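I am attaching a structure below and will ask some questions about it afterwards.
Residue numbers start from 1 in every chain, and the chains themselves are labelled A, B, ... in the order their sequence lines are given, proteins ahead of strands. None of these values were measured; they are calculated from a predicted model.
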Number of protein chains: 2
Amino acid sequence: MKIEPAGSGPVTLRDVAERAQVSIATASNALTGARRVGPGAIERVRRSAAELGYRPNGVARSLRTGLHQSIGLVIPDVTNPFWAGMVGVIEGLADESGFQLSLVNTAFDAGREAASLTRLAGSVDGVLLFSTNPRATASDPAFPHGLPIVAVDEGFDLPGIGGVHSDNVGGGRAAAEHLVEAGGTVFGLLAGPGTLTTATQRGAGFSAGLSDRGIDPSRLHRVTAPYSFEGGREGVRRMLAQHPEIDALFACTDNQAIGALFECHDLGRVVPDDLLICGFDDISWASRITPGLTTLRQDAAAMARSAFEQLVDRVANGGAPRVEVFPVNLVRRGSTRRVTTV
Amino acid sequence: MKIEPAGSGPVTLRDVAERAQVSIATASNALTGARRVGPGAIERVRRSAAELGYRPNGVARSLRTGLHQSIGLVIPDVTNPFWAGMVGVIEGLADESGFQLSLVNTAFDAGREAASLTRLAGSVDGVLLFSTNPRATASDPAFPHGLPIVAVDEGFDLPGIGGVHSDNVGGGRAAAEHLVEAGGTVFGLLAGPGTLTTATQRGAGFSAGLSDRGIDPSRLHRVTAPYSFEGGREGVRRMLAQHPEIDALFACTDNQAIGALFECHDLGRVVPDDLLICGFDDISWASRITPGLTTLRQDAAAMARSAFEQLVDRVANGGAPRVEVFPVNLVRRGSTRRVTTV
DNA sequence: GCCCGGATGTAAATCGTTTTATTTCGAGCG
DNA sequence: CGCTCGAAATAAAACGATTTACATCCGGGC
């Protein structure tokens, strides 16, 4: 086995073919298996390739085949722990199946989303889209219509776009039921921006759940706040200033819920005795803080896997877009567990 | 202005040239500016390109020029908030300068690092490497030597690899000085894995700082634990079991420090009265928890920017590798601020 | 009148693969 | 022996840009 002559640039298929004494076409077929090749030739080509340390040039292959073995990931903010977790899972899957990952961080700028997608369209086979305003993006004139897109959380219902999302309505309903059972009597809903389906659905589920339990709508107070820790802090402060009688809170996001919980601590309201708090997501900090945060766990790993697999199915097999819904599970922790000393 | 005929596939440079009544070469030169082109031609080409909605095919360009306008990001774990923050910054910079970002998550598997780098070598112009074992990676036979690499935190001292890192020794020393001044008498060092330069340097700086202040080495107890929340919990438990007299703790990472702080809460040791705690990083949770975590702030944004700029300088201008060091700043918060009622 | 040089323009080579069309060869069969 | 048929191999045409080398034109200096 000879070592490759180090000074002669990268090894091309031509070099391999030459050494194996076959044509370039035969070498290509032998390596990719696109067509039958004689057993002698196939063996010689394989050996030559190994000896020369041949690495196929992906760019050239892309140019010819039109495929990139690469998928795009468009995310408003990688810093968000829930999304970051999904990114991790997706990266693992991509690595396994030989796909590269192209990351785009849109910083919540909807204008950048469409532009990003068109840029990506030239270098990826499909895109996983985590959008906060998919409708605006999809109606942007720059929106690339040929590109397979699978949306997560938001925008899964757009034509031609498949997606995955949690059972947000069911989750909101479960939160309502749990808070009622845990002893809540006057309720606060820390909702997210009205443009987000996750926010409206979780909120809708929550109020529906309260109705089901016979709670009068006048006992539900709603405040809107960003999906962030600071949003939660600020939102709960506004809420309690207006309605100090609230004794049970549902936040659409763990980030908000944890912010609210910390704010309550600063305000001197003890959780869960004075106020029950239930979140949504089950990020890792939910179980770390004290009291632990009761929350609705989304199966982020399963969602990520499903989204990835749908995308691969669409780019590789021409599969059709579909929408997949995932159940959420109530995780009971200290923030809604009162030690009833009555 | 005619609209592009929607049914005829992507618009190529040939189409543009044809419509502008010039050769393909002229069209290329007019658009890229690689050579002077007559004012009439340049105008016609520009208009035709705009009218047809021409988007240059990046893959073809890559094949010809050997450049990719893309850089790789190799990270052990995107979930880590400190790294995630840097990823966000880098993404913004890449977007500004027209680079794409290829993300690889190695999941702390050093064996995957070298393989990832070789795979990336074919599709990116350079790599930003966040490694936990750069020496192993660099000595792997698969390590791609031609590829420009800029290392963050670890491995910046390897030949041919530039990098950025914080002043870890100085930070450790500052932690020591601060803990002494805050009233610490017996010290604990929650160190990271010995394979990490950040861990050894922060630890070395810390013990040097104690010596400088005349603290006898017998008053410093060291425990090794992973750089994680759970590592911090478990590490401080071991440490306090063996040396309950410790009243000041320096953790090499905010994640560890916060884990330690929470564990202390569970153990009934109140921070800061019974135990002072100082971390390193200043992740966002450090200022959210109560008491706030005193810590050494790394300027993650500046480091990210510098690393990115160095990489671009190397791929675009053939710049030489260099090492850049960033100062860290002590941020005083509740975890080391005793209300001295003496 | 002749030649030179700068400015534009263009045909064709090139990047490294895949894929299509064509060639070659030998076995099988009437 | 001639003919067909299939398998294996190959030459050459893509893919879509950049870049090289060459052609053309025109004004100006001698």
Salt bridge (Lys or Arg N to Asp or Glu O under 4.0 Å) partners of residues 67-83 of chain A, not counting sequence neighbours, each pair once: none
Tell me, which pairs form a side chain to side chain donor-acceptor pair (under 3.5 Å) where one or both residues lie in residues 146-160 of chain A, sequence neighbours left out? A/Glu154-A/Thr197, A/Glu154-A/Thr198
Test item: A/Val89 and A/Met303 side chains (from C-beta on) under 4.5 Å apart, heavy atoms: no
Can you list the residues that meet the salt bridge (charged side-chain N to carboxylate O under 4.0 Å, His left out) rule with A/Arg44, with sequence neighbours excluded? none
Using the ring of each side chain (for Trp, its six-membered ring), is B/Phe108 parallel, tilted or perpendicular to B/Trp83, with breaks at 30° and 60°? tilted
Under 4.0 Å from any atom of DNA chain C, heavy atoms only: list the residues of residues 22-41 of chain A that qualify, in numerical order. A/Ile24, A/Ala25, A/Ser28, A/Asn29, A/Thr32, A/Arg35
Can you list the residues that meet the side-chain contact (heavy atoms from CB on, under 4.5 Å) rule with B/Ala300, with sequence neighbours excluded? B/Phe82, B/Met86
Pair B/Arg305-B/Asp299, salt bridge (charged side-chain N to carboxylate O under 4.0 Å, His left out): steps then yes or no: CA-CA 10 Å; B/Arg305 170 177 293 272; B/Asp299 194 343; over 6 Å; no
Return each pair, listed once, that meets salt bridge (Lys or Arg N to Asp or Glu O under 4.0 Å) where at least one residue sits in residues 310-321 of chain A; pairs must be two or more places apart or across chains. A/Asp313-A/Arg322
Using chain B heavy atoms and a threshold of under 4.0 Å, write down where along DNA chain C the contacts begin and end, 5' to 3'. C/dT8 to C/dG16
Within a strict 4.5 Å, meaning less than it, do heavy atoms of the A/Phe130 and A/Leu73 side chains meet? yes
Contact boundaries on DNA chain D for chain B, cut-off under 4.0 Å to non-hydrogen atoms: D/dG16 to D/dA21
Show me, pair by pair, the donor-acceptor contacts under 3.5 angstrom made by side chains of residues 27-38 of chain A, not counting sequence neighbours?
{"residue": "A/Asn29", "atom": "ND2", "partner": "A/Ala25", "partner atom": "O", "Å": "3.2"}
{"residue": "A/Thr32", "atom": "OG1", "partner": "A/Ser28", "partner atom": "O", "Å": "3.0"}
{"residue": "A/Thr32", "atom": "OG1", "partner": "A/Ala34", "partner atom": "N", "Å": "3.3"}

Any pair counted as side chain to side chain donor-acceptor pair (under 3.5 Å), so long as it reaches residues 128-146 of chain A, sequence neighbours left out: A/Glu113-A/Ser131, A/Glu113-A/Thr137
Among residues two or more places apart or on two chains, list those pairs meeting salt bridge (Lys or Arg N to Asp or Glu O under 4.0 Å) that have a residue in residues 54-75 of chain B. none
Terminal axis angle for the helix from C/dG1-D/dC30 to C/dG30-D/dC1, five pairs an end, nearest 10 degrees: 70°
